[in-house]
Colleague: 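Have a look at the structure that comes next, please.
Start at 1 and go down the list; that is how both ligands and their atoms are numbered. Only heavy atoms go into these numbers, but all of them, side chains included; no hydrogens, no water, no symmetry mates. In what follows, residues are counted from 1 in the order of the sequence shown.
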Amino acid sequence: MVANLQQLQALDAAHHIHPFNDNADLVKKGTRILTRGEGCHVWDAQGNKLLDAFAGLWCVNVGYGRKSIAAAAAKQMEQLAFYNSFFQCTTEPTVHLAAKLAALAPADLNHVFFTNSGSEGNDTVLRMVRHFWAVQDKPEKNIIIGRYNGYHGSTVAGASMGGMKSMHAQGGLPIPDIHHIEPPFFFEDGGEHSEQEYGLLAAQRLEAKILELGPDRVAAFIGEPIMGAIGVYIPPRSYWPEIERICRKYDVLLVSDEVICGYGRTGEWFGADYFGFTPDIMTTAKGLTSGYIPMGAVIFNERVARVLRDKGGELTHGYTYSGHPVCAVVALENIRILEEEKILENCRENTGPYLAQRWQELAEHPLVGEARIAGMLGALELVPDKSARRFFEDRGKVGALCRTMALGNGLILRATNDSMLLSPPLVITRKEIDELFDKTWMSLDETAKAIA
Ligand code: PXG
């Protein structure tokens, strides 16, 4: 227990405005302060040990406490703490990382622009996509289509392309020339269709929207391969290939927001690999450095990069810390760990299937209407009645309650509405998966009892 916890909480309440929090409520309750992490566990200031089934915020893919990452950062800080990538300069690790990402990315996505976060990545995407069409004498081809309830970050462009109503309500969003279609969510929306049929129908909403707006107006479609923040909506296998077909038919750029899915979350390097489609552009962040340091990378294919390079003139876009050398060595070390410890292979062949099996067992609980999972990304849909695909009337209350129960049982799960979300470090062991199962079941029992 940290001796000065109450003091820290008082200082926090007095001076720190938290992201995605009801700050008035937070001041009343006091912040949970985390102090240490090792593998899949974190400790809070009261000394509680918690299984972090949410990997920080969908990001600590290689787990906590990696000394080799800390050492790589320290060494680079001593040698060259910073230099920029503007004005015909860059640093050695930045170059190595760009080449490494080009090698990992699918197809001919061989060109990398560095950012500090996923949100900045998506702002970069918006500007570059519009510029791409403008320099080909199509300035009117500037509309980006996203999806309602999609999450693409908190900056102006990210939140605009995202489809969160509560975010649009603050700050006058979305900006012009952004449109949205309904997302694929079989549990809510699938009706009597088979999943694969529904996947096609949900994708065809994009075609209808393109035709409504006019193909000459639509620059790009952006989507998360699996929608994370809204509740881990895993689309049917038929969805993404159909989206790709439609984008190609109308020459609309396809942007895969891989901020959560990227770097192994699904057991493949990218969500696009998992679903078998090839985007033109990918936004990545989070798992790129496993959250050890902020960094993002937008990865472009040959076509987009060539137009931007040969016709685009000077690129009037960049962040001071684009390609920061310390972040680059952290990313390189993180990727080295993912590769050398065969973490993706292990997820695909060993722990992933085991996690899926145990997660599916949770669907037997009376409170669970659906257990969905892809690789190391899952959700439990809590429902009032197992026999119907229906939500609680007061949506979100039961999820929040279950999250609190889980914390009491030493388990961190995130709740969106009444979906309990799962995104553990990719290094989670079978023993920890059993711990996850036991603690989740117990939390579901306690939640069911509390609302009975
Ligand atoms: N795209 C996706 C798909 C994301 O999940 C971002 C972009 C933005 O990345 P940065 O690094 O700017 O945060 C994200 C981030 C939640 C939650 O409530 C999810 C994210 C961020 C904050 C909260 O689950 N994802």
Side-chain angles (χ1 to χ4, degrees), residues 18-22 52-61 113-126 144 146-167 170 173 178 180 183-184 220-235 240 255-263 265-266 270-272 274-275 279 281-299 319 321-322 324 327 330-331 374 376-379 396 399-400 403 412-424:
H18 289 240
F20 283 101
N21 264 272
D22 178 333
D52 183 9
F54 199 57
L57 194 53
W58 321 87
C59 56
V60 187
N61 288 6
F113 185 92
F114 289 109
T115 70
N116 304 291
S117 67
S119 299
E120 285 182 357
N122 284 327
D123 276 50
T124 297
V125 164
L126 178 126
I144 318 272
R147 294 175 299 180
Y148 294 111
N149 285 327
Y151 188 80
H152 300 299
S154 274
T155 47
V156 168
S160 291
M161 294 191 292
M164 300 284 188
K165 278 203 188 78
S166 58
M167 293 178 78
Q170 296 178 4
L173 304 180
I178 309 270
H180 298 88
F221 171 73
I222 183 167
E224 307 152 73
I226 293 169
M227 295 171 80
I230 188 56
V232 184
Y233 293 0
I234 304 168
W240 277 107
V255 184
S256 185
D257 183 337
E258 299 269 356
V259 171
I260 286 177
C261 289
Y263 308 104
R265 178 59 49 202
T266 63
F270 298 99
Y274 182 82
F275 287 109
I281 302 171
M282 299 196 303
T283 315
T284 76
K286 293 191 190 279
L288 169 60
T289 55
S290 283
Y292 276 67
I293 205 162
M295 186 180 223
V298 185
I299 312 176
Y319 310 105
Y321 301 126
S322 285
H324 193 296
C327 305
V330 167
M376 294 272 159
L377 197 53
R403 180 180 170 273
I412 300 177
L413 286 174
R414 171 163 165 29
T416 300
N417 293 320
D418 300 310
S419 313
M420 306 311 298
L421 311 186
L422 172 74
S423 169

Colleague: Need the ligand 1 atom indices (1-based, order shown) with element for anything under 4.0 Å from a heavy-atom of I260.
Modeller: 5 (O)
Colleague: Considering only heavy atoms of S117, which atoms of ligand 1 have at least one such atom less than 4.0 Å away?
Modeller: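 So the atoms of ligand 1 that pass are 11 (O), 12 (O).
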Colleague: Look at atom 19 (C) of ligand 1 and say which protein heavy atom is nearest, naming residue and atom and giving the distance to 0.1 Å.
Modeller: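 Closest protein heavy atom to atom 19 (C) of ligand 1: W58 NE1, 3.4 Å.
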Colleague: Is there side-chain contact between F20 and L57, with heavy atoms separated by less than 4.5 Å?
Modeller: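 No, side chains not in contact.
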Colleague: Give a yes or no on whether the backbone of I226 and the side-chain of Y274 come within a donor-acceptor separation of less than 3.5 Å.
Modeller: no
Colleague: What's the separation between atom SG in C59 and atom CZ in R265, rounded to the nearest 0.5 Å?
Modeller: 8.5 Å
Colleague: Should the heavy atoms of other residues, nucleotides or ligands under 6.0 Å from CZ of R403 be counted, would the total exceed 12?
Modeller: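 Open.
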Colleague: Can you tell me how far CD1 of I260 sits from CG of L377, rounded to the nearest 0.5 angstrom?
Modeller: 6.5 Å
Colleague: For the pair F221 and R147, evaluate side chain to side chain contact (heavy atoms under 4.5 Å, CB included) and give the outcome as yes or no after the intermediate values.
Modeller: CA-CA 9 Å; F221 171 73; R147 294 175 299 180; 3.8 Å; yes
Colleague: To check your reading of the model: name the closest protein heavy atom to atom 1 (N) of ligand 1, its residue, and the distance in Å.
Modeller: D257 OD2, 2.7 Å
Colleague: Is any side-chain heavy atom of F270 closer than 4.5 Å to one of C261?
Modeller: no
Colleague: For N417 and S419, indicate whether the former's side chain and the latter's backbone hold a donor-acceptor pair under 3.5 Å.
Modeller: no
Colleague: Closer than 4.0 angstrom: is that true for some heavy atom of K286 and an atom of ligand 1?
Modeller: yes
Colleague: Can you sort out which atoms of ligand 1 are near A229, meaning under 4.0 Å from one of its heavy atoms?
Modeller: 16 (C), 24 (O)
Colleague: Report yes if A285 has an N/O atom closer than 3.5 Å to an N/O atom of ligand 1; otherwise report no.
Modeller: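 For ligand 1, there is no N or O atom that lies under 3.5 Å from one belonging to A285.
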Colleague: Distance check, rounded to the nearest 0.5 Å: L126 atom CG versus H152 atom NE2?
Modeller: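 If we round to the nearest 0.5 Å, L126:CG and H152:NE2 are 11.5 Å apart.
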Colleague: Where's the contact between R414 and ligand 1, heavy-atom distance under 4.0 Å: side chain, backbone, both or neither?
Modeller: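 Only the side chain of R414 comes within reach of ligand 1.
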Colleague: Could you check atom 22 (C) of ligand 1 against the protein and tell me its nearest heavy-atom contact, residue, atom and distance included?
Modeller: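 Going atom by atom, the protein heavy atom closest to atom 22 (C) of ligand 1 ends up being L57 CD2, 3.7 Å.
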Colleague: Which one holds for E224 and ligand 1: side chain close, backbone close, both close, or neither close, with close meaning a heavy atom under 4.0 Å?
Modeller: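 Just the side chain.
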Colleague: For atom 12 (O) of ligand 1, grab the closest protein heavy atom and report residue, atom and distance to one decimal in Å.
Modeller: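 Nearest neighbour among protein heavy atoms for atom 12 (O) of ligand 1, to 0.1 Å: S119 OG, 2.5 Å.
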Colleague: Which residue supplies the protein heavy atom nearest to atom 11 (O) of ligand 1, what is that atom called, and how far is it?
Modeller: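 The answer is G118 N, 2.9 Å.
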Colleague: Measure the distance from atom 2 (C) of ligand 1 to every protein heavy atom, then report the residue, atom name and distance (to 0.1 Å) of the closest one.
Modeller: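 In this structure, atom 2 (C) of ligand 1 has Y151 O, 3.3 Å as its nearest protein heavy atom.
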